[in-house]
2 protein chains.
Amino acid sequence: MGAEGADPGTVRPGGRTARVRASVLRAAGDALAEHGFAHLDLADIARRAEVGKTTVYRRWGTVTSLVADLLLDMAEQSLPRTETGSLLGDLKANARLVQRTLADPRQGALFKAVIAAATCEARTAEALHRFYDIRVKEWAPCVQQAIDRGEVPEGTDVHEVIRAVSAPLYYRLLTSSDRLDEAAADQAAEAAAAAARAGAYLRGDEGRA
Amino acid sequence: MGAEGADPGTVRPGGRTARVRASVLRAAGDALAEHGFAHLDLADIARRAEVGKTTVYRRWGTVTSLVADLLLDMAEQSLPRTETGSLLGDLKANARLVQRTLADPRQGALFKAVIAAATCEARTAEALHRFYDIRVKEWAPCVQQAIDRGEVPEGTDVHEVIRAVSAPLYYRLLTSSDRLDEAAADQAAEAAAAAARAGAYLRGDEGRA
DNA sequence: CGATTAACGAAACTGGAGTCCCATTATGGG
DNA sequence: CCCATAATGGGACTCCAGTTTCGTTAATCG
């Protein structure tokens with residue numbers, strides 16, 4: 001007897017268990033990108049992953065909880081950051097990276113699906129927020145360097161500048177049918193850079209005109 | 001005999017049919033705001049609307065298609081626009097309106113759900129895009145006025161400026177756990193205004209540093 | 001390498017989402 | 001005002017997503 005509350009996969013996480021997780025997460029990503037978040041069933045994912053559907057239901061239970069785990073996995077795969085020496089150059093590099101990701105049919109659909117899933121459950125939302133916190137933190141240093149160079153005023157919220165680059169790209173992805181091209185990426189970077197230079201992202205201060 | 005392909009509700013759209021639609025759309029909004037897009041069933045909506053579930057299935061069939069109709073309805077309800085005489089003032093008014101809407105528990109949840117639904121079906125996405133096109137068009141004139149006043153350079157994409165105000169607010173709603181407060185709204189408006197003045201939204205031109 | 005038992009997987013089972021049928025209601029045209 | 005029939009609504013039915021059961025496989029510890 002004794003406490004038998006340990007979730008499956010936590011006591012013997014090696015070998016098969018890890019293999020099953022990797023296989024299921026890959027299959028889940030494929031399925032989300034293909035069918036979207038709504039018409040998705042776990043049995044189909046189990047089939048793709050060549051895993052018993054009982055296992056998928058036992059370890060994840062619901063689509064949203066599976067997506068939460070997928071986000072945990074995605075957060076670990078970090079993309080290399082380039083440095084160009086100027087704020088605009090760095091922000092453009094970031095914007096292009098986001099734009100290429102969202103414009104890619106598979107990745108774009110996957111991100112849409114993941115965002116949709118996050119609106120449906122608190123745990124999944126938390127995982128999504130953590131994912132973006134990590135990505136934002138990775139790029140924030142380039143804004144700090146711009147502050148050090150005197151390009152951007154002291155006291156600027158560096159994270160907010162990075163978010164300002166992504167925001168219009170995600171907004172376009174979700175609310176319009178316009179194509180996400182490089183011009184959109186460059187425009188997002190330029191707008192964020194211009195606003196940052198003008199002091200629009202000073203923290204704790206609503207800025208002056 | 002003859003063509004009997006007419007969808008239910010199109011031949012006799014008055015009286016009861018209209019009443020049923022209004023009641024179902026209201027119930028759908030409530031349900032979406034409460035349960036989110038995922039765990040939503042049409043039978044529950046029918047119960048809330050005091051309508052037979054057969055009717056809901058016959059006229060809308062799926063959750064996404066019901067959301068598409070809800071968006072059509074939402075698009076018709078236009079909000080009054082205020083004018084302040086300056087670009088920053090107008091953009092702040094817009095930002096505050098969006099912020100108040102998204103920060104409201106019911107409305108915020110509803111918008112999240114509607115966006116999630118739009119990621120799952122082309123027809124619903126189209127309805128969502130139309131909804132935002134209308135909202136953006138309603139506010140665009142204030143940017144044109146700023147151009148006429150010489151506040152913003154000629155050739156600026158007026159719609160893009162309006163989108164730039166909403167984008168960071170929606171981005172925050174979906175990807176972070178931070179509260180959507182008035183400071184966020186003001187910051188979004190100021191950033192958009194600063195970027196617009198700097199010429200970041202010149203159309204067909206990627207701007208200069 | 002062998003024992004223990006965590007984790008997996010096949011198959012049978014179940015509940016409720018979505019469909020079908022037909023009687024009832026009430027719209028819109030004459 | 002009346003008729004033809006569009007549209008609704010209750011209830012029976014179906015089918016499959018999700019659960020339960022139990023035998024099999026393999027991870028970890030000694």
Side-chain angles (χ1 to χ4, degrees), chain A residues 1-28 31-32 34-69 117 120-121 124, chain B residues 1-28 31-32 34-69 117 120-121 124:
Chain A
M1 50 184 77
E4 48 184 62
D7 290 299
T10 55
V11 179
R12 288 181 188 174
R16 181 165 61 169
T17 298
R19 233 156 29 235
V20 164
R21 176 168 182 256
S23 180
V24 168
L25 291 187
R26 193 175 37 67
L32 281 174
E34 270 179 50
H35 304 316
F37 166 65
H39 348 86
L40 197 61
D41 89 278
L42 297 189
D44 175 54
I45 291 177
R47 222 172 299 122
R48 288 168 185 257
E50 294 179 303
V51 153
K53 80 168 179 170
T54 314
T55 300
V56 177
Y57 278 107
R58 185 166 31 221
R59 283 185 62 183
W60 291 279
T62 66
V63 175
T64 51
S65 138
L66 178 54
V67 172
D69 196 29
C120 297
E121 195 157 85
T124 312
Chain B
M1 46 182 75
E4 49 184 62
D7 290 299
T10 54
V11 178
R12 288 180 188 175
R16 181 164 63 169
T17 298
R19 233 154 31 234
V20 164
R21 175 168 184 256
S23 180
V24 168
L25 291 186
R26 194 174 37 65
L32 281 174
E34 269 179 50
H35 304 317
F37 167 65
H39 351 82
L40 196 62
D41 90 277
L42 297 188
D44 174 54
I45 291 177
R47 221 173 300 123
R48 287 168 185 257
E50 294 178 303
V51 154
K53 79 168 177 169
T54 315
T55 300
V56 177
Y57 278 105
R58 186 170 29 224
R59 284 187 59 184
W60 292 280
T62 66
V63 175
T64 50
S65 138
L66 178 54
V67 172
D69 197 29
C120 298
E121 197 157 85
T124 312

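Letters A, B, ... are given to chains in the order of the sequence lines, protein chains preceding strands, and every chain is numbered from 1. This structure is a prediction, so every number in the text was calculated from the model and none was measured. Excluded from the calculations below are hydrogen atoms, water molecules and symmetry mates; all remaining heavy atoms, backbone and side chain alike, are included.
B/Thr17 comes within 4.0 angstrom of sugar-phosphate atoms only, judged by non-hydrogen atoms across all strands, and of no base. At a threshold of 4.0 angstrom between heavy atoms, the contacts of B/Thr10 are confined to the sugar-phosphate backbone, with no base atom among them. Nucleic acid contact for A/Gly61: none, since no nucleic acid atom lies under 4.0 Å from a heavy atom of the residue.
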**OP:** Using the side-chain contact (heavy atoms from CB on, under 4.5 Å) rule, take B/Asp44 and B/His35 through it: C-alpha gap first, then chi angles, then the decisive distance, then the call.
**Re:** CA-CA 11 Å; B/Asp44 174 54; B/His35 304 317; 4.0 Å; yes

**OP:** Begin with the C-alpha distance, continue with both residues' side-chain angles, and end with the deciding distance and a verdict on side-chain contact (heavy atoms from CB on, under 4.5 Å) for A/Arg59 and A/Val20.
**Re:** CA-CA 10 Å; A/Arg59 283 185 62 183; A/Val20 164; 3.8 Å; yes

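Computed from coordinates, the B/His39 NE2 to C/dG16 C1' distance equals 16 Å when rounded to whole Å. Look at CZ on A/Arg12: it is 5 Å from C1' on D/dA27, rounded to the nearest Å. In this structure, the CZ atom of A/Arg47 is 14 Å from the P atom of C/dG9, given to the nearest Å. At whole-Å resolution of the value, CD1 in B/Ile45 and C1' in C/dA17 are 13 Å apart. Atom CG in B/Leu42 sits roughly 16 Å away from atom P in C/dG16 (whole-Å rounding). Atom-to-atom, CH2 of B/Trp60 to C1' of C/dG18 comes out at 16 Å; the value is rounded to the nearest Å.
At a cut-off of 3.5 angstrom, the base of D/dA7 holds no donor-acceptor pair with the side chain of B/Thr55. With hydrogens and angles ignored, a donor-acceptor pair closer than 3.5 Å exists between the side chain of B/Arg58 and the base of D/dG9. Checked by distance alone, B/Lys53 brings no side-chain donor or acceptor within 3.5 Å of a matching partner on the base of D/dG10.
Along DNA chain C, the nucleotide nearest to B/Arg16 and the one nearest to B/Val63 differ in position, and the one closer to the 5' end is contacted by B/Val63.
If you check D/dA7, D/dT19, C/dA7 against the side chain of A/Tyr57, the one that comes closest is D/dT19. Considering only side-chain atoms of B/Arg59, the nucleotide from D/dA7, D/dA26, C/dG9 that sits closest is D/dA7. Comparing atom distances between the A/Asp41 side chain and each of D/dA17, D/dT8, D/dA27 picks out D/dA17 as nearest. The A/Pro13 side chain lies nearest to D/dT28 when the options are D/dT28, C/dG28, C/dC20. Closest to the side chain of A/Pro8, out of D/dA17, C/dA7, C/dA26, is C/dA7. For A/Thr54, counting side-chain heavy atoms from C-beta on, the closest listed nucleotide (C/dG9, C/dC8, D/dA6) is C/dG9. Distances from the side chain of A/Arg19 to the nucleotides D/dA27, C/dA17, D/dA6 place D/dA27 closest.
Between A/Asp69 and A/Arg21, at least one side-chain N (NZ, or NE/NH1/NH2) sits under 4.0 Å from a carboxylate O, which counts as a salt bridge.
Side chain of B/Thr64 to backbone of B/Thr124: no donor-acceptor contact under 3.5 angstrom is found. Side chain of A/Thr17 to main chain of A/Gly9: no donor-acceptor pair is present (N/O by atom type, distance under 3.5 Å, no hydrogens or angles).
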